[in-house]
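Remarks on the structure that follows.
Note that these values count all heavy atoms, side chains included, but never hydrogens, waters or copies made by symmetry. Reminder, nothing fancy here: chain letters follow the sequence lines and each chain counts from 1.
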There are 2 protein chains.
Amino acid sequence: MRIGELAKATGTKAETIRYYEREGILPTADRTDSNYRDYSDNHLAALTFVRRARQLGFSMAQVRELLALSNHEDNPCQDIDRLVQLQLTEVERKIADLMALRDELGQMLRSCQADKIGECQIIGSLGRQSVM
Amino acid sequence: MRIGELAKATGTKAETIRYYEREGILPTADRTDSNYRDYSDNHLAALTFVRRARQLGFSMAQVRELLALSNHEDNPCQDIDRLVQLQLTEVERKIADLMALRDELGQMLRSCQADKIGECQIIGSLGRQSVM
DNA sequence: ATGCACCTTGTAGCAACTACAAGGTCAAGC
DNA sequence: GCTTGACCTTGTAGTTGCTACAAGGTGCAT
């Protein structure tokens with residue numbers, strides 16, 4: 001299959017696929033006589049894996065690790081588990097941060113009853129170290 | 001005060017402060033005879049405002065808007081409220097996304113009882129469109 | 001044969017910093 | 001008076017993960 005088809009099948013832009021190849025995240029594709037990239041089902045599987053991992057918030061470096069680990073079938077699963085656990089912890093930290101942020105923003109909105117900016121609680125609170 | 005002192009006072013790197021000045025986010029500083037930047041309390045307040053807004057997840061463009069609005073004391077508060085509301089909605093969306101992500105990662109960890117990568121559910125699930 | 005969608009490479013741009021490099025300034029200590 | 005070291009200056013390039021061109025080649029239908 002050509003790059004456009006693979007792009008459509010995985011919801012990835014062709015430019016992104018070429019970028020992954022350049023970065024060594026995807027194996028190089030075969031070429032047709034006219035120098036078009038020619039992909040197999042293995043490439044489809046690989047790209048699906050990469051996109052899914054990226055959607056789950058893994059960095060490119062982590063995706064590389066996941067790929068390297070997944071290529072050694074006899075390795076213990078622990079290393080993979082560790083990466084997933086790390087990512088889970090990171091995601092939980094981000095959720096906590098954002099929830100604190102949400103509370104602050106909500107507090108700002110509720111506190112502002114003024115109708116002129118000169119009296120605006122929001123503007124005032126931005127100038128202080130913390131609102132809460 | 002010099003840039004290092006302002007940096008320490010606001011928890012901002014000196015390079016970032018210069019960057020803000022270049023970008024027009026902060027007013028230009030006075031200069032000493034030896035061409036060092038010389039900051040006043042007004043600069044301290046402005047930088048505190050900017051850093052606080054950035055911590056709350058506002059983009060540089062939004063910070064510019066907030067600054068512009070806060071400089072017109074007689075303007076109605078509504079425009080500020082709108083920006084804060086927008087940011088709140090965005091943060092809530094991110095929280096929802098991350099919570100879905102957290103659930104998927106948690107599910108992956110729980111499902112993996114194998115000890116070899118060849119049987120690893122996690123690796124398997126990454127190759128599919130969605131785990132859940 | 002002509003149009004149009006697709007492909008190629010290479011380069012530059014995005015956000016919001018961060019990290020140098022190469023050099024100037026200032027205060028303290030000997 | 002001179003050195004050391006911490007600070008400052010400008011300018012440029014790197015970071016992450018793409019995305020957007022530009023300029024040209026290919027494939028297929030009409």
Side-chain angles (χ1 to χ4, degrees), chain A residues 1-26 28-40 43 46-67 83 86-87 90-91 94 97 101, chain B residues 1-26 28-40 43 46-67 83 86-87 90-91 94 97 101:
Chain A
M1 74 206 304
R2 297 198 307 194
I3 199 168
E5 204 180 337
L6 181 62
K8 203 169 273 178
T10 56
T12 313
K13 301 205 171 174
E15 276 123 334
T16 306
I17 299 176
R18 287 191 206 102
Y19 165 73
Y20 286 159
E21 183 179 315
R22 268 203 312 285
E23 291 295 306
I25 283 277
L26 288 183
T28 55
D30 291 345
R31 296 295 180 126
T32 66
D33 291 350
S34 56
N35 200 32
Y36 285 9
R37 284 176 181 79
D38 189 19
Y39 293 99
S40 68
H43 285 101
L47 181 53
T48 303
F49 183 103
V50 170
R51 293 302 281 179
R52 184 92 192 100
R54 294 283 303 122
Q55 278 165 20
L56 287 169
F58 291 97
S59 69
M60 294 284 275
Q62 286 176 317
V63 172
R64 269 179 240 273
E65 281 192 77
L66 287 170
L67 285 166
L83 281 177
L86 217 69
Q87 176 59 10
E90 180 67 12
V91 166
K94 281 185 190 157
D97 285 357
L101 222 156
Chain B
M1 74 206 305
R2 298 196 307 191
I3 199 167
E5 205 180 336
L6 181 62
K8 202 169 274 179
T10 57
T12 312
K13 301 203 173 175
E15 276 124 334
T16 306
I17 298 175
R18 288 189 207 103
Y19 166 73
Y20 286 157
E21 184 180 315
R22 267 202 314 282
E23 291 296 304
I25 284 275
L26 287 184
T28 54
D30 291 344
R31 297 295 181 128
T32 64
D33 291 349
S34 56
N35 200 32
Y36 285 8
R37 284 177 182 78
D38 189 19
Y39 293 100
S40 68
H43 284 102
L47 181 53
T48 302
F49 183 104
V50 170
R51 292 303 281 178
R52 183 93 192 99
R54 294 283 304 121
Q55 278 165 19
L56 287 168
F58 291 97
S59 69
M60 294 285 275
Q62 286 176 318
V63 173
R64 268 179 240 273
E65 280 191 77
L66 288 170
L67 285 166
L83 282 177
L86 218 68
Q87 177 59 12
E90 181 67 11
V91 165
K94 280 185 190 156
D97 285 357
L101 223 155

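In this entry the distance linking CD1 of Ile25(A) with C1' of dT16(D) reads 12 Å, nearest Å. Remark: C1' of dC7(D) and CE of Met1(B) are 15 Å apart, rounded to the nearest angstrom. Across the protein-nucleic acid pair, Asp30(A) atom CG and dC7(C) atom P stand 16 Å apart, rounded to whole Å. Between Leu6(B) atom CG and dC8(D) atom P the separation is 10 Å, expressed in whole Å. Atom CD in Glu23(A) sits roughly 14 Å away from atom P in dG14(D) (whole-Å rounding). At whole-Å resolution of the value, CG in Asp33(A) and P in dG25(D) are 18 Å apart. For the pair Glu21(A) CD and dG10(C) P, the interatomic distance rounds to 12 Å; values are reported in whole Å. In this structure, Ile17(B) places its CD1 atom 13 Å from P of dT10(D), rounding to the nearest Å.
A distance of 8.0 Å separates CD in Gln87(A) from OG in Ser59(A), rounded to the nearest 0.5 Å.
With dT9(D), dT8(C), dT19(D) as the choices, the nucleotide that has an atom nearest any side-chain atom of Thr16(A) turns out to be dT19(D). Distances were taken from every side-chain heavy atom of Arg2(B) (C-beta onward) to each of dG17(D), dC8(D), dT9(C); the shortest belongs to dC8(D). Minimum atom distance to the side chain of Tyr19(A) is reached by dC18(D), of the listed dA20(D), dC18(D), dT10(D). Side chain of Arg22(A), nearest nucleotide from dC8(D), dT19(D), dG17(D): dT19(D). You'll find that the side chain of Ser34(B) is closest to dC26(C), out of dC26(C), dT19(D), dT9(D).
Residues Thr12(A) and Arg51(A) have side chains that bring a donor and an acceptor to within less than 3.5 angstrom of each other.
Contact annotation for Arg51(A): backbone-only contact, meaning every heavy-atom pair under 4.0 Å involves sugar-phosphate atoms and none involves a base.
Remark: Gln62(B) pairs with no residue by the side-chain hydrogen bond (donor to acceptor under 3.5 Å, both in side chains) rule, at least two apart or across chains.
When each of Thr48(B), Leu47(B), Leu26(B) is paired with Leu6(B), the side chain to side chain contact (heavy atoms under 4.5 Å, CB included) condition holds for Leu47(B) and for no other.
OP1 or OP2 of dC8(D) has not a single side-chain nitrogen or oxygen of Arg37(B) nearer than 4.0 Å. For dG17(D), the OP1/OP2 oxygens have no side-chain nitrogen or oxygen of Lys13(A) closer than 4.0 Å. Put simply, Arg31(B) has a side-chain N or O that comes within less than 4.0 Å of OP1 or OP2 on dT10(D). Dashed line: the shortest gap from a side-chain N or O of Tyr20(B) to OP1 or OP2 of dC17(C) is under 4.0 Å.
Both Arg54(A) and Asp38(B) lie close to DNA chain D; mapped to their nearest nucleotides by heavy-atom distance, the more 5′-ward contact belongs to Asp38(B). Comparing Thr32(B) and Met60(B), the nucleotide of DNA chain C nearest to each residue sits closer to the 5' end for Met60(B).
Remark: side-chain polar atoms of Arg18(B) are not paired, donor with acceptor, to backbone N or O of Arg22(B) under 3.5 angstrom. In this structure a side-chain-to-backbone donor-acceptor pair under 3.5 Å is missing from Glu65(A) to Leu83(A).
For dG24(C), the base has a donor-acceptor partner in the side chain of Tyr36(B) [N/O atoms by modelled type, under 3.5 angstrom].
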Dump every N/O contact between nucleotides 28-30 of chain D and the protein below 3.5 Å, one line per pair.
none

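Asp38(B) approaches Met1(B) most closely through the heavy-atom pair OD1-N, 3.3 Å. Across all their heavy atoms, Tyr39(B) and Arg2(B) have their closest contact at CD1-C, 4.1 Å.
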